[in-house]
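Written out below as structure tokens is the structure these notes cover.
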Amino acid sequence: EMYGYYMLAWTMAITIFRVVYPVTGALVPKMTELVAQKKDDLVTVLYHKSCQFINVLAAPACLTIIFFSESILRVWTGSSDIAARSGIILSMLTLGSLLNSMVNMPYVIQLAHGWTSLFFWANALSLMFLVPAMIFAVSEWGAIGGAIVWPLLNTFYVIFCVLIMHKRILKGEFTKWFFQDIGATLLSALLIVVTMRVIYEWLNLNQGRLVPLFFIGATTVVAFLFSSVSAPKLRHSFLDSIRVMFSNFSKTSKAAALK
């Protein structure tokens with residue numbers, strides 16, 4: 001029974017990869033080309049811009065799932081019992097997926113440089129850790145214990161693999177990656193999601209299915225907007241797009257009024 005709850009949560013927790021993986025896959029040829037041409041400045045710019053873009057895509061959605069996991073499952077399945085049993089599992093697994101999305105561009109830059117050994121050995125070490133950790137965690141805490149292993153594993157990737165990578169590739173860029181590419185976009189989205197969660201509880205909106213669905217969707221959108229504005233490499237492009245959109249809307253409205 002708990003295996004079913006775990007797989008239900010896992011199915012939702014990995015949906016973010018359907019967005020992240022195509023983006024990183026599309027960036028591999030361009031990054032490889034710039035590295036081969038030894039255009040280090042352009043490589044650095046593309047790396048940071050891509051990291052921020054991926055985190056802007058992943059962080060708002062993942063944080064919303066983490067903080068509204070039970071409500072999302074109740075809306076999705078229509079069962080309060082399933083939501084109560086799977087909610088914390090979904091939160092843990094989604095946290096792991098968010099952390100995993102953060103190492104996608106560091107992995108791409110390593111591929112572009114032809115350096116595959118770091119993640120190979122990291123995966124080998126993680127496999128040695130993963131199997132006994134899963135056995136112990138599941139035996140002690142059930143499905144919740146198994147879910148906790150996923151974010152712990154990806155915390156290892158985020159802290160150690162990326163830090164080691166920046167000792168060899170894009171030296172001196174780890175601080176910028178950590179605070180600007182990840183920290184700024186993550187914290188802005190987190191601030192919005194936590195605030196919306198407090199409002200959600202205060203107004204007791206966890207009733208029915210339509211109201212929670214609308215509120216959760218609005219939370220994701222607002223968090224995405226704030227996260228986009230907080231990304232240094234994306235802020236101006238995003239604001240320019242908003243200006244163009246409103247300008248076109250204004251022109252269309254005026255044209256319609258004249259008719």
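Only this structure's heavy atoms are used, side chains among them; waters, hydrogens and symmetry mates stay out. Since this is a predicted model, take the numbers as computed values, not measurements.
- A side-chain N or O of S71 and one of Y200 form a donor-acceptor pair less than 3.5 Å apart.
- Nearest heavy-atom pair, P212 versus N206, reported as atom, atom and distance to 0.1 Å: CG-CA, 4.3 Å.
- Enclosure of atom CZ in F226 is not indicated, since only 12 or fewer non-hydrogen atoms of other residues, nucleotides or ligands lie within 6.0 angstrom.
- Partners of F129 under the ring-ring contact (aromatic ring centres under 6.0 Å, His included) rule, at least two apart in sequence or in another chain, do not exist in this structure.
- Checked by atom type and distance alone, the side chain of S227 never pairs as donor or acceptor with a backbone atom of F224 at under 3.5 Å.
- Between F156 and F160, the ring planes are tilted. Angles from 30° to 60° get that label.
- Although no hydrogens or angles enter the test, the distance criterion places a donor-acceptor pair under 3.5 Å between the side chain of T185 and the main chain of I182.
- Hydrophobic clustering keeps V75 apart from V221 (ILVMFWY residues linked when any side-chain heavy atoms are closer than 4.5 Å, directly or through intermediates).
- Note that the OG1 atom of T44 and the NZ atom of K171 stand 13.0 Å from one another [nearest 0.5 Å].
- In this structure, F17 places its CZ atom where more than 12 heavy-atom neighbours from other residues, nucleotides or ligands lie under 6.0 Å away.
- For R74 and E70, the salt-bridge test fails: no basic side-chain N is under 4.0 Å from an acidic carboxylate O.
- Taking all atoms of both residues into account, the shortest heavy-atom contact from N154 to N100 is OD1-ND2, 2.8 Å.
- Ring geometry for H166 against Y47 counts as perpendicular: the plane angle is over 60°, on a 0 to 90° scale with 30° as the lower cut.
- The OG atom of S188 sits 10.5 Å away from the CG atom of L225 when rounded to the nearest 0.5 Å.
- Using a 4.5 Å cut-off between side-chain heavy atoms of Ile, Leu, Val, Met, Phe, Trp and Tyr, with links allowed through other members, M128 and W121 fall into different hydrophobic clusters.
- For the pair F215/I199, a side-chain contact is recorded, criterion being any heavy-atom separation below 4.5 Å from C-beta on.
- Heavy-atom neighbours of Y157 OH from other residues, nucleotides or ligands within 6.0 Å: above the threshold of 12.
- Side-chain contact between N104 and Y21 is present, with heavy atoms from C-beta onward closer than 4.5 Å.
- No side-chain heavy atom of L118 sits under 4.5 Å from any side-chain heavy atom of Y107.
- Contact detail for P151 and L99: the closest heavy-atom pair is O-CD1, 3.5 Å.
- Residue M92 forms a side-chain contact (heavy atoms from CB on, under 4.5 Å) with just one option from V149, I148, I66, L152, and that option is I148.
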Discussion item. side-chain contact (heavy atoms from CB on, under 4.5 Å) for H48 and Q180? Distances and angles first, verdict last.
Written reply: CA-CA 9 Å; H48 288 298; Q180 293 187 11; over 6 Å; no
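- A heavy-atom distance below 4.5 Å is not found between the side chains of Q110 and T116.
- Under the 3.5 Å distance criterion, the side-chain polar atoms of S97 are matched with a main-chain donor or acceptor of L93.
- Residues N55 and D181 are not in side-chain contact: their nearest non-hydrogen atoms beyond the backbone lie 4.5 Å or more apart.
- Minimum heavy-atom separation, I16 to A58: CD1-CA, 3.7 Å.
- The shortest side-chain heavy-atom distance between I72 and I65 falls under the 4.5 Å cut-off.
- Separation of the W115 and F120 ring centroids does not fall under the 6.0 Å cut-off.
- In the displayed structure, W141 atom CH2 is contacted under 6.0 Å by more than 12 heavy atoms of other residues, nucleotides or ligands.
- The distance from atom OG1 of T220 to atom CE of M196, rounded to the nearest 0.5 Å, is 9.0 Å.
- Side-chain atoms of T94 do not come within 3.5 Å of backbone N or O of S91 as any donor-acceptor pair.
- For the atom pair L73 CG and R85 CZ, the distance stands at 13.5 Å (nearest 0.5 Å).
- The two atoms that bring V19 and L57 nearest to each other are CG1-CD1, 3.8 Å, heavy atoms only.
- Cluster membership check: L111 shares its hydrophobic cluster with I164, using side-chain heavy-atom separations under 4.5 Å among Ile, Leu, Val, Met, Phe, Trp and Tyr.
- With respect to H113, the side-chain contact (heavy atoms from CB on, under 4.5 Å) criterion is satisfied by exactly one of V35, L170, V108: V35.
- W177 places none of its side-chain heavy atoms less than 4.5 Å from the side chain of M105.
- Applying the salt bridge (Lys or Arg N to Asp or Glu O under 4.0 Å) test to every pair with at least one member in residues 28-41, sequence neighbours left out, gives no pairs at all.
- How far OH of Y5 is from CD1 of I144: 12.0 Å, rounded to the nearest 0.5 Å.
- Expressed to the nearest 0.5 Å, how far CD of Q52 lies from OG of S230 amounts to 8.5 Å.
- The nearest pair of heavy atoms linking S86 to L8 is OG-CD2, 4.2 Å.
- Residues L186 and L98 have side chains in contact (heavy-atom distance under 4.5 Å, counting atoms from C-beta outward).
- L125 and V131 are members of different hydrophobic clusters when ILVMFWY side chains are connected at heavy-atom separations under 4.5 Å.
- No donor-acceptor pair under 3.5 Å is formed between the side chain of E201 and the backbone N or O of R197.
- Residues V45 and L27 do not share a hydrophobic cluster, clusters being chains of Ile/Leu/Val/Met/Phe/Trp/Tyr side chains in contact below 4.5 Å.
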